[in-house]
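Heads up, the thing below is written out as structure tokens.
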Amino acid sequence: DLGLDMTLQKVLDAVEDEILIIDSDYRIRFANSALRSRLQEKAEALIGGFCYEVLYDRHTPCDAPLWECSLKKVLESGSTTTVIHHHGVLGAERYLKVTTYPLQDTYGNIMAAVELRRDVSAERELEIQLLRRHHQLLVLSRVSSAVSGLRDLDTILVVALDNVLEVINGVAGSILLLDEKTETLYY
């Protein structure tokens with residue numbers, strides 16, 4: 001029904017995530033307005049184009065280690081799959097969470113897939129910052145535990161340095177002290 005198709009198009013265009021349908025030959029059969037507006041100049045080549053050409057400027061389907069092809073995974077497994085694609089664009093890191101759902105014909109054969117693409121860059125950056133902070137706190141905690149009860153500055157510094165090197169998997173390091181009178185550094 002033409003009215004239903006137009007209503008479905010409007011519903012999918014209202015979604016802020018990118019939605020597309022890709023057939024088993026890697027050709028894009030549908031794209032919502034979120035994807036069309038992001039691709040702007042490539043929007044005309046979108047429908048009927050190969051997903052790997054239009055979306056990733058590649059000549060062959062995506063493959064590890066750079067990006068896993070979620071369509072290939074769905075075609076092989078027959079089940080929903082999720083992958084994260086990393087894009088470094090002009091120094092800006094961008095991460096896309098790509099969830100792909102199989103579309104089956106009446107015989108159960110997978111003929112196409114629906115791909116839901118969401119930008120998760122902010123969440124990924126927050127995760128990286130939290131891991132960095134956790135690592136820093138771990139180092140401070142280990143150093144604090146190692147030096148508690150020690151009184152000799154040289155011993156404290158050696159134990160602290162050894163623990164920091166162990167936590168960061170370092171092989172060499174030094175601690176320089178400032179002589180306030182001469183304003184020089186020494187070991």
Side-chain angles (χ1 to χ4, degrees), residues 5 8-105 108-142 164 166-170:
D5 289 341
L8 182 58
Q9 178 75 48
K10 287 179 182 178
V11 169
L12 295 176
D13 281 344
V15 176
E16 78 179 55
D17 293 334
E18 297 172 354
I19 300 173
L20 61 149
I21 296 175
I22 305 170
D23 68 21
S24 58
D25 293 326
Y26 298 90
R27 290 202 180 270
I28 298 171
R29 297 298 173 195
F30 171 86
N32 73 341
S33 65
L35 181 60
R36 290 191 315 269
S37 66
R38 181 175 66 83
L39 294 179
Q40 294 175 2
E41 70 279 352
K42 292 183 179 180
E44 288 182 24
L46 194 61
I47 304 303
F50 290 108
C51 59
Y52 51 85
E53 289 179 348
V54 177
L55 300 174
Y56 299 106
D57 292 321
R58 295 176 51 95
H59 299 292
T60 60
C62 299
D63 202 3
L66 188 57
W67 294 304
E68 288 184 83
C69 177
S70 58
L71 176 63
K72 182 179 177 183
K73 289 177 79 170
V74 165
L75 292 173
E76 289 173 354
S77 70
S79 58
T80 300
T81 185
T82 300
V83 297
I84 302 289
H85 284 186
H86 171 259
H87 300 269
V89 180
L90 299 175
E93 299 296 315
R94 187 165 177 248
Y95 294 90
L96 281 178
K97 177 182 176 185
V98 181
T99 304
T100 308
Y101 307 88
L103 291 177
Q104 300 173 341
D105 64 13
N109 300 314
I110 299 172
M111 303 307 292
V114 175
E115 207 172 81
L116 178 67
R117 304 162 61 86
R118 175 174 290 168
D119 188 333
V120 292
S121 303
E123 293 88 344
R124 196 70 148 181
E125 181 59 33
L126 181 59
E127 180 182 318
I128 290 167
Q129 288 178 11
L130 286 172
L131 287 172
R132 212 176 274 141
R133 294 287 184 249
H134 175 72
H135 189 270
Q136 291 168 346
L137 289 172
L138 176 66
V139 169
L140 289 173
S141 175
R142 296 248 339 238
V164 168
E166 182 183 332
V167 169
I168 65 169
N169 295 321

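The analysis underlying the following values was restricted to heavy atoms, covering all of them including side chains, and did not include hydrogens, waters or symmetry mates. Note that the coordinates shown come from a computational prediction; the quantities given were computed from them, not determined experimentally.
Residue Ile19 holds its CD1 atom at 11.5 Å from OG1 of Thr99, rounded to the nearest 0.5 Å. Atoms CD1 and CZ, from Ile22 and Arg29 in turn, are 11.0 Å apart once rounded to the nearest 0.5 Å. In this structure, Leu138 CG and His135 NE2 are separated by 6.0 Å, a value rounded to the nearest 0.5 Å. The structure places CG of Leu46 at 12.0 Å from CD of Glu53, a figure rounded to the nearest 0.5 Å. Summarising the geometry, atom CD belonging to Glu115 is positioned 7.0 Å from atom CG belonging to Leu55; distances are rounded to the nearest 0.5 Å. The line from CG of Leu126 to OG of Ser121 is 12.5 Å long, rounded to the nearest 0.5 Å.
Inter-residue side-chain proximity for Arg36 and Asp13 is flagged as met; some heavy-atom pair is nearer than 4.5 Å. Looking at Leu103 and Asp23, their side chains never come closer than 4.5 Å, going by heavy atoms from C-beta outward. Residues Val98 and Arg117 are in side-chain contact: their nearest non-hydrogen atoms beyond the backbone lie under 4.5 Å apart. For the pair Thr81 and Glu68, the minimum side-chain heavy-atom distance is 4.5 Å or more. With contacts defined as side-chain heavy-atom distances shorter than 4.5 Å, the pair Arg27/Phe50 qualifies.
Closest of all the heavy-atom pairs between Tyr56 and Cys62 is CD1-SG, 3.5 Å. When every heavy atom of Asp17 is checked against every heavy atom of Asn32, the shortest pair comes out as O-ND2, 2.9 Å. Across all non-hydrogen atoms, the minimal contact from Ala31 to Ile47 is N-CD1, 3.7 Å. Considering every non-hydrogen atom in both Tyr101 and Val74, the closest pair reads C-CG1, 4.5 Å. Nearest heavy atom pair, residue Glu16 against residue Ala34, reads O-CB, 3.5 Å. Residue Pro61 comes nearest to Tyr52 through the heavy atom pair CA-CD2, 3.5 Å, listed as atom of the first residue, atom of the second, then distance.
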Residue pair Leu35, Ile28: steps toward the side-chain contact (heavy atoms from CB on, under 4.5 Å) verdict: CA-CA 12 Å; Leu35 181 60; Ile28 298 171; 5.6 Å; no
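Residue Ile110 forms a side chain to side chain contact (heavy atoms under 4.5 Å, CB included) with just one option from Ser79, Ser24, Ser77, Pro102, and that option is Pro102. Looking at Arg38, Arg94, Lys97 one by one, the single match for side-chain hydrogen bond (donor to acceptor under 3.5 Å, both in side chains) with Asp119 turns out to be Arg94.
The environment of CZ in Arg118 is sparse: at most 12 heavy-atom neighbours from other residues, nucleotides or ligands sit within 6.0 Å.
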